[in-house]
Amino acid sequence: MIRQIKNSELYFDGCSTVELAKKYGTPLYVLSETDIVSRFRELREGFTQKYENTRVAYAAKAFGTMAMFRLCQREGICIDVVSAGELYTAIKAGFPPEMIEFNGNNKLPYEIEMALGYGIGRFIVDGLCETDLIEAICKEKGKTASILFRITPGVKSDSHDYIVTGKKDSKFGIPLDEDVLYPQIKKAIESEYINFLGFHFHVGSQLHDNSSHLQAVETILEHTGEVKRRFDYDIKELNIGGGFGVKYTNEDRKSFSYFLDPAMEMIESYFKKLGIKRPEIVIEPGRSIVAEAGISLYTIGSIKEIKDIRKYVSVDGGMTDNIRPALYQAVYDGVIANKADQEKTEKVTICGKCCESGDILIRDIDIANPQAGDIFAVFSTGAYGYSMASNYNKNPIPAVVLVKEGRSELIVKRQSFDDMIQNEIIPESLR
Ligand SMILES: *Cc1c(COP(=O)(O)O)cnc(C)c1O
């Protein structure tokens with residue numbers, strides 16, 4: 001177990017969280033290498049080694065730092081970036097460009113140029129003008145680009161509206177309308193600057209039911225067959241996205257196989273029937289790799305009891321280091337790390353220190369008797385925590401520590417006040 005209790009203290013991947021808080025300060029993100037590596041292992045055993053011609057591309061946006069990219073590289077995992085900034089970070093970490101794919105619904109001309117310059121593996125084209133844009137830039141630079149089309153499979157998935165991406169009314173993807181998609185495909189096949197690889201979808205995030213993926217697989221297969229019929233063109237790659245759900249509180253986390261086995265069965269039998277070689281199958285997990293591998297540590301400060309209503313326990317971070325509760329009512333669990341085995345006698349609300357009433361991390365959680373100075377740990381914060389952090393109220397972005405079997409190493413330094421103001425200028429007119 002990654003989480004253990006010893007001498008009343010919460011341990012995480014062999015490290016005392018109380019000691020980590022003392023050593024590195026709070027708020028602090030802690031990431032377990034053991035947990036991340038075990039997810040990669042599960043994917044190797046249940047996917048890439050089980051089915052040949054398959055690949056995993058980690059969605060960098062979940063947690064994209066140089067150390068994380070190094071870990072991916074060591075484990076043979078590709079990455080999926082959605083901005084020049086993520087791409088730059090990966091390249092600076094020494095990540096092989098050909099193992100990078102570029103997603104996103106509005107890739108800017110300079111981002112495409114930069115990606116072509118580094119020689120990335122493929123672009124996932126999302127939108128109707130992007131093929132032309134990529135083609136024009138390739139023409140100018142004398143390059144070719146490998147592309148997939150991200151389609152909108154038109155499935156509904158059971159998740160928060162903000163993280164559902166596969167329905168037709170979405171800013172992501174190309175709608176499947178006959179007169180929209182097929183001219184794009186024809187253009188891509190005919191272009192001398194474009195190597196058309198196949199289709200991509202991503203149906204949403206934090207899914208615990210495989211039906212959206214399976215519906216979307218069915219759709220993508222139909223179009224793969226249609227491309228063969230119309231253009232006698234063999235699709236080389238199908239990317240079925242990420243979105244595999246994790247455990248924040250009491251969700252029943254499914255294995256990767258629960259999603260991938262039935263999908264692979266559909267795919268393999270489809271191509272067997274068609275009598276053509278199955279394309280490479282790619283997945284893009286983000287959250288499911290890092291969410292449960294992360295915890296956040298805070299120091300408890302002000303405690304306010306509103307008689308018969310609620311007890312607010314404030315911590316030294318909040319929506320600046322974890323926006324998810326405020327952004328989409330995400331629910332978390334946690335514990336007082338230095339009282340981890342004590343009876344949970346109080347129902348409290350854990351709030352942040354930002355000037356927003358919505359800056360609540362956990363509503364109505366049972367914990368041991370809280371006191372100022374206690375260390376509070378929030379679980380499953382490894383995904384979309386650090387990567388969504390902000391400087392609201394000029395709170396510095398916390399440090400990130402990578403832990404493994406009792407060893408801890410800093411992978412992101414805590415932001416300093418000077419870091420926060422380094423780009424600010426007092427103009428001549430105000431001097
Ligand atoms: C966000 C995203 C992912 C990863 O989603 P998770 O829910 O974190 O697994 C994969 N692919 C695309 C295109 C995405 O936008």
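Side chains are part of it too, since the values below use all heavy atoms of this structure and drop only hydrogens, waters and symmetry mates. Everything quoted here is computed from the prediction, not taken from an experiment.
- Residues satisfying the side chain to side chain contact (heavy atoms under 4.5 Å, CB included) criterion with Glu346, sequence neighbours excluded, are Lys311, Val348, Asn369, Pro370.
- Among residues two or more places apart in sequence or in another chain, the side chain to side chain donor-acceptor pair (under 3.5 Å) test is passed with Gln49 by none.
- Under the rule for a side chain to side chain donor-acceptor pair (under 3.5 Å), the partners of Asn195 that lie at least two apart in sequence or sit in another chain are Ser146.
- Judged as a side chain to side chain donor-acceptor pair (under 3.5 Å), and not counting sequence neighbours, the contacts of Gln415 are Asn391.
- Tyr29 meets the ring pair (Phe, Tyr, Trp, His ring centres under 6.0 Å) test with Tyr386; sequence neighbours excluded.
- Counting only distance, with no hydrogens or angles, the side chain of Asn322 and the backbone of Leu361 share no donor-acceptor pair below 3.5 Å.
- Lys50 is linked by a salt bridge (charged side-chain N to carboxylate O under 4.0 Å, His left out) to Asp261, counting only residues two or more places apart in sequence or in another chain.
- Between Asn239 atom CG and Leu148 atom CG the span is 6.5 Å, to the nearest 0.5 Å.
- Under the side chain to side chain contact (heavy atoms under 4.5 Å, CB included) criterion, Lys92 pairs with Met66, Tyr88, sequence neighbours left out.
- No hydrogens or angles considered: nothing links the side chains of Glu101 and His200 as a donor-acceptor pair under 3.5 Å.
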Indicate every side-chain donor-acceptor pair of residues 298-305 with a distance under 3.5 Å to a residue at least two apart or in another chain.
| unit_1 | atom_1 | unit_2 | atom_2 | d |
| --- | --- | --- | --- | --- |
| Tyr298 | OH | Asp321 | OD1 | 2.4 |
| Thr299 | OG1 | Thr26 | OG1 | 2.6 |

Using residues 371-378 as the side-chain source, report each donor-acceptor pair under 3.5 Å to any protein atom, sequence neighbours left out, with the distance given to one decimal.
| unit_1 | atom_1 | unit_2 | atom_2 | d |
| --- | --- | --- | --- | --- |
| Gln371 | OE1 | Lys339 | NZ | 2.8 |
| Asp374 | OD1 | Asn338 | ND2 | 2.9 |
| Asp374 | OD2 | Lys339 | NZ | 2.7 |
| Asp374 | OD2 | Gln371 | N | 2.8 |

For this session: Determine, stepwise, if the pair Arg150 / Glu284 fulfils salt bridge (charged side-chain N to carboxylate O under 4.0 Å, His left out).
Result: CA-CA 13 Å; Arg150 174 172 179 168; Glu284 293 173 334; over 6 Å; no
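- In this structure, CE on Met420 lies 9.0 Å from CD1 on Ile397, to the nearest 0.5 angstrom.
- Here the rule is side chain to side chain contact (heavy atoms under 4.5 Å, CB included) with Met68, and of Ile36, Ile411, Thr89, Leu402 only Ile36 fits it.
- The ring pair (Phe, Tyr, Trp, His ring centres under 6.0 Å) check on Tyr248 picks up Tyr332, with sequence neighbours excluded.
- In this structure, CZ on Arg41 lies 7.5 Å from CZ on Arg44, to the nearest 0.5 angstrom.
- No hydrogens or angles considered: a donor-acceptor pair under 3.5 Å links the side chains of Asp209 and Ser211.
- A salt bridge is defined here as a Lys NZ or Arg NE, NH1 or NH2 lying under 4.0 Å from an Asp or Glu carboxylate O, and Glu9 with Lys6 fails to meet this definition.
- Ionic pairing of Lys61 and Glu86 is not present here: no N-O contact between side-chain nitrogen and carboxylate oxygen is shorter than 4.0 angstrom.
- Looking at residues two or more places apart in sequence or on another chain, you find a ring pair (Phe, Tyr, Trp, His ring centres under 6.0 Å) between Phe244 and His213, Phe256, Phe259.
- Under the rule for a side chain to side chain contact (heavy atoms under 4.5 Å, CB included), the partners of Lys347 that lie at least two apart in sequence or sit in another chain are Asp364, Asp366.
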